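Letters A, B, ... mirror the listed sequences (proteins, then strands); counts begin at 1. None of the values given here were measured: they were computed from a predicted structure.
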There are 2 protein chains.
Amino acid sequence: MPKYCNIIITGDCLSVLQKVDLSSVDLIVTSPPYAEKRIKAYGGIHPDKFVEWFLPRSEKFLRVLKPTGSFILNIKEGAHNGQRQTYVMKLVMALCRQGWLWVEEYIWCKKNCAPGKWPNRFRDSFERVYHFTKQKKFSMYQESVMVPMGDWAKSRLKNLSARDRRRDDSAVGSGFSKNIANWVGRDMAYPTNVLHLATECGNKDHPAAFPIALPDFFIRLFTKTGDLVLDPFIGSGTTAVSAKQLGRKYLGIDILAKNCLVAKKRLKEDR
Amino acid sequence: MPKYCNIIITGDCLSVLQKVDLSSVDLIVTSPPYAEKRIKAYGGIHPDKFVEWFLPRSEKFLRVLKPTGSFILNIKEGAHNGQRQTYVMKLVMALCRQGWLWVEEYIWCKKNCAPGKWPNRFRDSFERVYHFTKQKKFSMYQESVMVPMGDWAKSRLKNLSARDRRRDDSAVGSGFSKNIANWVGRDMAYPTNVLHLATECGNKDHPAAFPIALPDFFIRLFTKTGDLVLDPFIGSGTTAVSAKQLGRKYLGIDILAKNCLVAKKRLKEDR
DNA sequence: AGCTCTTATGAATCATTGA
DNA sequence: GTCAATGATTCATAAGAGC
């Protein structure tokens, strides 16, 4: 059993990860504080400083991640003064120089995006999810994220709300397995690199909760039961809740004690 | 009437555009030969050489584009040796340095993408469409690309909810706001920056034809009737056909005489 | 079951003003 | 100039209740 396991730690992941065992993590799933967003919550990282702020931390990610592990990064640049920021591109290229292999970019297409109308752009309805690895060969379990084809299933599963999951869990006790079993013999298909998910509804006491279906997808895709999932910017705890529900171990880190409290509370209440 | 108008020209756009009038083009829509793709057709541009190959040509684009014009670039990096190439990111950043303003990235989500299965990734079902301009203010006609709205609007408008009324009262302070009034009779909605278009079916005698819906969308969005649309890598002629169908002028350029023949044939047959 | 109606809400962006 | 803060403006959808 790893030293730090199934806990939420308050602190900067830069220092906290120093104490975590080398090559002990199977998957890192995270959504860092975006540059110029969450200024009140995180103090704000200027877009020009974002890459240099991130790199020392991603170096620690390299340290604790197993050779066959994956690093999933959810991020999206904003628009300022009529132009899109370029720091996300700069970050990806810097991560490649740091030793990461950029395997894929998934698109998280948000069904319900924020309102607004502007003279020069439409509403932003997608975010990027980058997949990095340490090696060309890595663990991937594609069968565990197969989606059913056909209308009846599409409408049932296009949105995996926490509530749906809870219902399935309580009925069967093991999350997805029952559903998967039900679909055997029906038309199943592999997903593509575009994910259609609604943003989470419901108050999570955190300004930027991503839908649980997002970590859920990548945890099932890149880990097996009992593996360790790390989120170095745990926020409201969604990644940890998802890992726990799927029978994985979790390690959550956040610099704000307030966030850690929210995450711990959600883990206790399993929601 | 511009000198070069409603024609397809065989040649390298680098030299051809030298003869085109300064600031005469309202919109550039193109899908360049991707690096390492279409090697037989174009002789192949190595990923490492792609940016330096492109930049002299995009400089000519700056020359012929009107100050209020837009440049729409459809491109997607491939995967090699298990990793995504970075030349698209490098190109975007180089274009910014060249003077272009990066306004937006649209995601063209391909409904019916190519089948296939690989050990380390799923099927690639999106392409990038970058929107660049010369100025912060540019021509944009958002109303011309509105899409049909769902049924929900009708019922809502029949009987304005108490909450809608309250929200607008507090916002405006005088009973009915004009916001709600704007919705009455509206059955169309603005799109987002994720476009759901099917890929073209049917052989167009060209290996990388994009669906006509793609240039159609951007031509309607960024030009009005009679404007001039340029595609410096016209390929099978889709951009020109779309422009003609929408009552715009077109100028198509391709280095391969074979492509120009196909484009001319399609224009004549209007398909 | 299916239909109608109600409610909730999401990492937004731009123009303007003032320091 | 440049930068920061503030206010104005703005949709489309899912899910649930009720009939």
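- For the pair A:Trp108 CH2 and C:dG10 P, the computed distance is 11 Å after rounding to whole Å.
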Write down the protein N/O and nucleotide N/O pairs, taken from nucleotides 16-19 of chain C, whose separation is under 3.5 Å; answer none if there are no such pairs.
none

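- Between B:Phe138 and B:His131, the two ring planes are perpendicular [angle over 60°; tilted spans 30° to 60°].
- For B:Thr192 and D:dA12, a side-chain-to-base donor-acceptor distance below 3.5 Å is absent, hydrogens and geometry of angles not being considered.
- Distance check: A:Ile107 CD1 to B:Asp124 CG gives 9.5 Å after rounding to the nearest 0.5 Å.
- Atom CZ of A:Phe50 is separated from atom P of C:dA11 by 17 Å (rounded to the nearest Å).
- A distance of 13.0 Å separates CG in A:Leu228 from OH in A:Tyr4, rounded to the nearest 0.5 Å.
- Within the nucleic acid shown, A:Pro32 comes within 4.0 Å of at least one base atom, counting heavy atoms only.
- In this structure, A:Phe71 has its ring center at least 6.0 angstrom away from the ring center of A:Tyr130.
- Taking atom P on both nucleotides, D:dG16 is separated from C:dA1 by 16 Å, rounded to a whole Å.
- Rounded to whole Å, atom C1' of D:dC11 lies 15 Å from atom NZ of A:Lys111.
- Contacts with DNA chain D (heavy atom under 4.0 Å) in residues 115-126 of chain A: A:Pro115, A:Gly116, A:Lys117, A:Arg123, listed by number.
- With sequence neighbours left out, the side-chain hydrogen bond (donor to acceptor under 3.5 Å, both in side chains) criterion links B:Ser139 to no other residue.
- Put simply, NE2 on A:His46 is 11 Å from C1' on D:dA4, counting in whole angstrom units.
- Dashed line: the shortest gap from a side-chain N or O of A:Lys76 to OP1 or OP2 of C:dA12 is not under 4.0 Å.
- Pairs of residues two or more places apart, or lying in two chains, that qualify as side chain to side chain donor-acceptor pair (under 3.5 Å) and include a residue from residues 114-123 of chain A are A:Lys117-B:Gln142.
- For the C1' atoms, the distance from D:dT10 to C:dT9 is 13 Å, rounded to whole Å.
- For the pair B:Lys136 and A:Lys110, nearest-nucleotide mapping onto DNA chain C gives the more 5' position to A:Lys110.
- Between the NZ atom of B:Lys137 and the C1' atom of C:dT13 there is a distance of 14 Å, rounded to whole Å.
- In this entry the distance linking CG of B:Asn193 with P of C:dA12 reads 13 Å, nearest Å.
- The side-chain tip of A:Lys110 does not point at the ring of A:Phe126 from less than 6.0 angstrom away and within 45° of straight on.
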* Dot-bracket for DNA chain D, 5' to 3', with Watson-Crick and G-U pairs under 3.5 Å, [ ] for crossing pairs and | for other-strand pairs: what is it? -> .||||||||.|||||||||

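- Although no hydrogens or angles enter the test, the distance criterion places a donor-acceptor pair under 3.5 Å between the side chain of A:Asp254 and the main chain of A:Gly235.
- The side chain of B:Tyr190 sits closest to D:dA12 out of C:dA11, D:dA12, C:dA15.
- Of the side-chain N and O atoms in A:Arg84, none sit less than 4.0 angstrom from OP1 or OP2 of C:dA12.
- In this pair, A:His196 and B:His196 present their aromatic rings tilted. The plane angle is within the 30 to 60° band.
- Qualifying ring pair (Phe, Tyr, Trp, His ring centres under 6.0 Å) partners for B:Phe122, counting only residues two or more places apart in sequence or in other chains: none.
- Between A:Tyr106 and A:Phe218, the angle of the ring planes goes over 60°, which puts this pair in the perpendicular group of the 30/60° scheme.
- Rounded to whole Å, atom C1' of D:dA14 lies 14 Å from atom CG of A:Leu197.
- Rounding to the nearest 0.5 Å gives a distance of 8.0 Å between CG of A:Leu62 and CD1 of A:Ile28.
- When the C1' atom of D:dC3 is taken as reference, atom CG of A:Asp48 falls 13 Å away, rounded to whole Å.
- Remark: the separation of the P atoms in D:dA8 and C:dA11 is 24 Å, to the nearest Å.
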